[in-house]
Chemist: 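Following this message is one structure expressed as structure tokens.
Small disclaimer: the values here were computed from a predicted structure and weren't measured.
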Amino acid sequence: GHAVNTTSRDFNFLPDADVDYYTSNAVETHTNSWHTFQDDTLTPGIHVFTGSWIWVHNLVLEGTMVFTGRYVFFTGENEITAPVDTVNQPAALVFTNTNANISLDNETIMGPIYSNKRVKIRDDAVLSGPVVARVIEIMADVDFQQAENSHYYGWVKNGMGNHGDYKWP
């Protein structure tokens, strides 16, 4: 359904992203800072971005994007689609920096989104969900397509560890 009103929610407990898992299984690690990834289709799979001041503009990916740096900006119309795995659902986007505030505008993201800090979703974004973040802000007209994409709602074991290893609140 569509979320139109501005809503914000803080969560005090998050699972930990396993950066070693993502790095070990990446098809490519991008170490650039002050770089724009623009008008491109990346090789399917996991892409790890270790720099800061990264711009993602009109990018297409079937896989997972992992960002460890602080400043990451999405511009244009990006399409990120995580592969579907009914046993071990991979994430579409992972942001591990505890100081990174991420805004998703006009993006199409199919698959889980994880952030150690804040995710602001606005301006006609199309998402399957789920969104897991310390702070989640939903602004403007966001099209959550969770009913049509329920296959993305599973535990992200590879990259987040075992569900039973956490002391859930």
Chemist: Which pair of heavy atoms, one from Arg70 and one from Ser52, lies closest together, and at what distance?
Modeler: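 Reported closest heavy-atom pair: N-OG, 3.0 Å.
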
Chemist: Would you say the rings of His30 and His35 are close, in the sense that their centroids are separated by under 6.0 Å?
Modeler: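 His35 vs His30: aromatic centres not under 6.0 Å.
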
Chemist: Identify the two heavy atoms, one from Thr75 and one from Glu107, that lie closest to each other, and give their separation to 0.1 Å.
Modeler: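 Scanning both residues, the minimum pair turns out to be O-OE2, 4.2 Å.
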
Chemist: Minimum heavy-atom separation for Asn78 to Asn58, with atom names?
Modeler: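 Scanning both residues, the minimum pair turns out to be OD1-N, 3.0 Å.
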
Chemist: Are any side-chain N or O atoms of Asp18 and backbone N or O atoms of Tyr21, one a donor and one an acceptor, separated by less than 3.5 Å?
Modeler: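 A pair under 3.5 Å: yes.
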
Chemist: Looking at every non-hydrogen atom in both residues, tell me the closest pair between Val119 and Ala133 and how far apart they are.
Modeler: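 Shortest heavy-atom separation between Val119 and Ala133 comes out as CG2-CB, 4.0 Å.
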
Chemist: Ignoring hydrogens and geometry, is there a side-chain-to-backbone donor-acceptor pair from Thr64 to Ala91 under 3.5 Å?
Modeler: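 Such a contact is found between Thr64 side chain and Ala91 backbone.
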
Chemist: Using side-chain heavy atoms (C-beta onward) and a distance below 4.5 Å, is Met110 in contact with Asn149?
Modeler: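 Of all side-chain heavy-atom pairs linking Asn149 with Met110, at least one is under 4.5 Å.
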
Chemist: Drop me the distance from His47's NE2 to Glu28's CD, to the nearest 0.5 angstrom.
Modeler: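 Between atom NE2 of His47 and atom CD of Glu28 there are 6.0 Å.
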
Chemist: Is it true that Trp55 and Phe74 have ring centroids separated by less than 6.0 Å?
Modeler: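 No, the ring centres sit 6.0 Å or more apart.
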
Chemist: Out of curiosity, does Phe73 fall in the hydrophobic cluster containing Leu61 (side-chain heavy atoms, cut-off under 4.5 Å, transitive links)?
Modeler: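 No; tracing contacts between hydrophobic side chains, which count when under 4.5 Å, never links both residues.
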
Chemist: Rounded at 0.5 Å granularity, tell me how far OG1 in Thr81 sits from CD1 in Ile109.
Modeler: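 Separation between the atoms: 8.0 Å.
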
Chemist: I'd like to know if the side chain of Thr36 reaches the main chain of Gln38, judged simply by a donor and an acceptor atom lying under 3.5 Å from each other, with no hydrogens or angles considered.
Modeler: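 Checking the backbone N and O of Gln38 against the side chain of Thr36, no donor-acceptor pair under 3.5 Å is found.
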
Chemist: Mind running side chain to side chain contact (heavy atoms under 4.5 Å, CB included) on Leu104 and Leu93 for me, showing each step along the way?
Modeler: CA-CA 11 Å; Leu104 300 174; Leu93 295 174; 4.2 Å; yes

Chemist: Flag the pair Ser128 / Tyr152 as yes when at least one side-chain heavy-atom distance between them is below 4.5 Å, and no otherwise.
Modeler: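 SC-SC contact between Ser128 and Tyr152 confirmed.
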
Chemist: Enter the distance from Glu79:CD to Asn106:CG here, rounded to the nearest 0.5 Å.
Modeler: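 Reported to 0.5 Å precision, the distance equals 12.0 Å.
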
Chemist: Side chains of Asn97 and Lys117: does their closest heavy-atom pair fall under 4.5 Å?
Modeler: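 Side chain of Asn97 against side chain of Lys117, heavy atoms only: no contact under 4.5 Å found.
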
Chemist: Using side-chain heavy atoms (C-beta onward) and a distance below 4.5 Å, is Gln145 in contact with Val126?
Modeler: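 Contact flag for Gln145/Val126 side chains = yes.
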
Chemist: Show your working on side chain to side chain contact (heavy atoms under 4.5 Å, CB included) between Arg118 and Arg134 and close with a plain yes or no.
Modeler: CA-CA 6 Å; Arg118 174 185 307 269; Arg134 177 87 48 217; over 6 Å; no

Chemist: Take Tyr22 and Thr96 through the side chain to side chain contact (heavy atoms under 4.5 Å, CB included) test and state the conclusion after the steps.
Modeler: CA-CA 11 Å; Tyr22 289 115; Thr96 64; over 6 Å; no

Chemist: Could you go through the side chain to side chain contact (heavy atoms under 4.5 Å, CB included) check for Met65 and Val94 one step at a time?
Modeler: CA-CA 6 Å; Met65 298 179 86; Val94 177; over 6 Å; no

Chemist: Would you kindly confirm whether Ile102 and Tyr71 end up in one hydrophobic cluster when ILVMFWY residues are joined by side chain heavy atoms under 4.5 Å apart?
Modeler: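 No, separate clusters.
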
Chemist: Which heavy-atom pair separates Val19 from Thr68 by the least distance, and what is that distance?
Modeler: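 Shortest heavy-atom separation between Val19 and Thr68 comes out as CG1-CG2, 4.1 Å.
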
Chemist: Contact between Pro112 and Gln89 at the side-chain level, heavy atoms closer than 4.5 Å - yes or no?
Modeler: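 Contact flag for Pro112/Gln89 side chains = yes.
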
Chemist: Find out if a path of hydrophobic residues (ILVMFWY) with successive side-chain heavy-atom gaps under 4.5 Å connects Trp34 to Phe37.
Modeler: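 Looking at the clustering, Phe37 is in a separate group from Trp34.
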
Chemist: Within a strict 4.5 Å, meaning less than it, do heavy atoms of the Phe67 and Ile54 side chains meet?
Modeler: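 Side-chain contact under 4.5 Å: yes.
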
Chemist: Check Lys120 against Arg122 and note the closest heavy-atom contact, atom names and distance.
Modeler: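 In this case the closest contact between Lys120 and Arg122 is CD-NH1, 3.9 Å.
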
Chemist: Using 0.5 Å steps for rounding, measure from the CD1 atom of Ile121 to the CG atom of Asp105.
Modeler: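 One gets 10.0 Å once the value is rounded to the nearest 0.5 Å.
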
Chemist: Which distance, rounded to the nearest 0.5 Å, do you find between the CG of Asp143 and the CG of Leu127?
Modeler: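 So the gap between those two atoms works out to 8.0 Å.
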
Chemist: Side chains of Tyr114 and Val131: does their closest heavy-atom pair fall under 4.5 Å?
Modeler: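 In short, these two side chains do not touch, never coming nearer than 4.5 Å.
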
